Amino acid sequence: MKEDLYKTIVVKVGTTTLVNENGKLNIVGIEKLVRVISAIKNSGKNVVLVTSGAVGAGAGRLGIKGKGDIRIKQALAAVGQGVLMQFYEKLFLEYGVNVAQVLLTREDLETDIRRQNALNTLTTLFEFEVVPIVNENDTVAVEEIVYGDNDTLAAVVAKLIGADLLVILSDVDGLYTMPPHEPGAEKIPYVKEITPEIEALAEGSYSNLGTGGMQSKIKAAKIATEAGIAMAIISGESPTDIYNILDGSTACGTFFEPKKAGECAKEA
Ligand code: GLU
């Protein structure tokens with residue numbers, strides 16, 4: 001891993017990578033991810049893991065099918081968040097990496113004093129060489145104030161901490177010219193600028209179990225790249241691709257070029 005290319009990295013992982021369709025945790029998938037993040041952390045970088053999967057893990061634990069309304073979703077998240085954290089804690093500890101649970105809401109990140117508090121906590125955790133594990137605080141995040149998808153949350157957190165790179169692990173390994181299951185769909189490996197055409201491509205795509213789909217990933221890419229942060233969407237099945245990205249490769253999944261300081265964002 002190149003030492004100076006990316007120093008602070010946010011990795012976001014979605015429910016479909018973490019929880020099997022039957023509601024049980026995807027043990028092999030989570031183990032692979034934890035191993036990669038631990039290796040990156042031990043190479044001296046700051047890493048934040050933004051994780052979904054609380055609702056899915058809660059539904060699995062209680063044996064409840066379907067996400068239901070917001071009230072049900074909040075209760076399932078409260079159950080599943082503990083299930084997830086217990087598993088992360090156990091696995092990260094095997095690699096000698098300490099973790100911290102950080103639950104945030106949109107209100108926290110849009111209110112000056114709370115945003116500053118969140119930043120203070122995250123930077124102090126970096127000083128202590130801890131990996132913050134972030135999720136939306138679903139218990140208090142009701143419809144009007146919710147990010148709703150962790151892609152946006154991850155981009156906002158990346159911006160807050162001045163990250164250099166945001167990697168989104170997804171069940172779809174990048175942005176495609178048309179819905180990826182359709183014949184003739186081709187992956188777009190490199191996006192220099194998020195044009196209205198790129199945004200339109202995301203509208204036709206979907207992800208089976210996750211919340212955001214490709215639209216929220218493009219929204220995240222806009223937030224990140226406009227803040228000068230590079231972003232990549234890669235397959236949740238191959239987290240080791242993150243090593244290649246850290247070595248400067250832009251050939252995995254879809255890579256979004258960050259805007260340079262002083263470059264203006266185009267009007268939509
Ligand atoms: N906060 C939700 C959860 O942990 C996930 C939102 C999303 O899928 O992006 O289940």
Side-chain angles (χ1 to χ4, degrees), residues 10-26 29-30 33-34 37 48-89 99-110 118 131-159 166-172 202 205-224 231 233-236 239:
V10 176
V11 177
K12 183 261 167 179
V13 60
T15 302
T16 42
T17 303
L18 299 167
V19 184
N20 295 324
E21 299 233 357
N22 63 6
K24 304 275 185 208
L25 292 180
N26 173 2
I30 303 177
L33 173 67
V34 168
I37 292 180
V48 173
L49 174 61
V50 176
T51 185
S52 302
V55 175
R61 175 59 67 93
L62 298 186
I64 291 171
K65 289 230 162 68
K67 288 184 178 177
D69 62 22
I70 183 111
R71 189 178 58 92
I72 307 278
K73 193 182 140 190
Q74 287 173 310
L76 293 179
V79 173
Q81 182 65 26
V83 174
L84 266 186
M85 278 311 294
Q86 191 190 19
F87 198 52
Y88 278 130
E89 171 77 36
V99 296
Q101 172 177 265
V102 177
L103 297 177
L104 296 169
T105 62
R106 182 158 153 184
E107 213 175 11
D108 297 327
L109 295 166
E110 288 179 359
V131 171
I133 301 186
V134 175
N135 196 357
E136 185 148 23
N137 190 355
D138 290 314
T139 300
V140 293
V142 291
E143 247 149 334
E144 314 81 70
I145 54 156
V146 78
Y147 279 122
D149 68 83
N150 279 357
D151 300 318
T152 310
L153 177 66
V156 175
V157 167
K159 190 173 165 182
L166 167 61
V167 179
I168 294 190
L169 296 167
S170 173
D171 60 339
V172 182
S205 66
Y206 70 95
S207 158
N208 280 343
L209 290 174
T211 304
M214 200 48 74
Q215 259 174 301
S216 70
K217 290 173 182 56
I218 297 302
K219 191 174 158 204
K222 275 186 99 169
I223 297 170
M231 190 184 112
I233 302 170
I234 60 169
S235 165

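Because the structure is a prediction, the values reported are computed rather than measured. Counting starts at 1 for both ligands and their atoms, following the listed order.
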Run through Lys219, Glu136, Lys217, Arg106 and flag the one making a side chain to side chain contact (heavy atoms under 4.5 Å, CB included) with Thr152. Lys219
Look at Asp151 together with Lys12 and state whether they make a salt bridge at an N to O cut-off of under 4.0 Å. yes
Does Asn20 reach the main-chain N or O of Asn22 with its side chain, forming a donor-acceptor pair under 3.5 Å? no
Ligand 1 N/O within reach of Glu136 N/O, cut-off under 3.5 Å: no
Hey, does Ala77 sit under 4.0 Å from ligand 1 if you only count heavy atoms? no
Using a distance-only test with no angle check, is there a side-chain donor-acceptor pair under 3.5 angstrom linking Gln81 and Gln101? yes
Which bit of Asp138 is near ligand 1, meaning a heavy atom under 4.0 Å away: side chain, backbone, both or neither? side chain
For Asn150 and Ser52, test the side chains for any donor-to-acceptor distance below 3.5 angstrom and give the result as yes or no. yes
Check this for me - ligand 1, Ala54, N or O atoms closer than 3.5 angstrom, yes or no? yes
For ligand 1, indicate whether the residue Asn135 contacts it via side chain, backbone, both or neither (heavy-atom separation under 4.0 Å). side chain
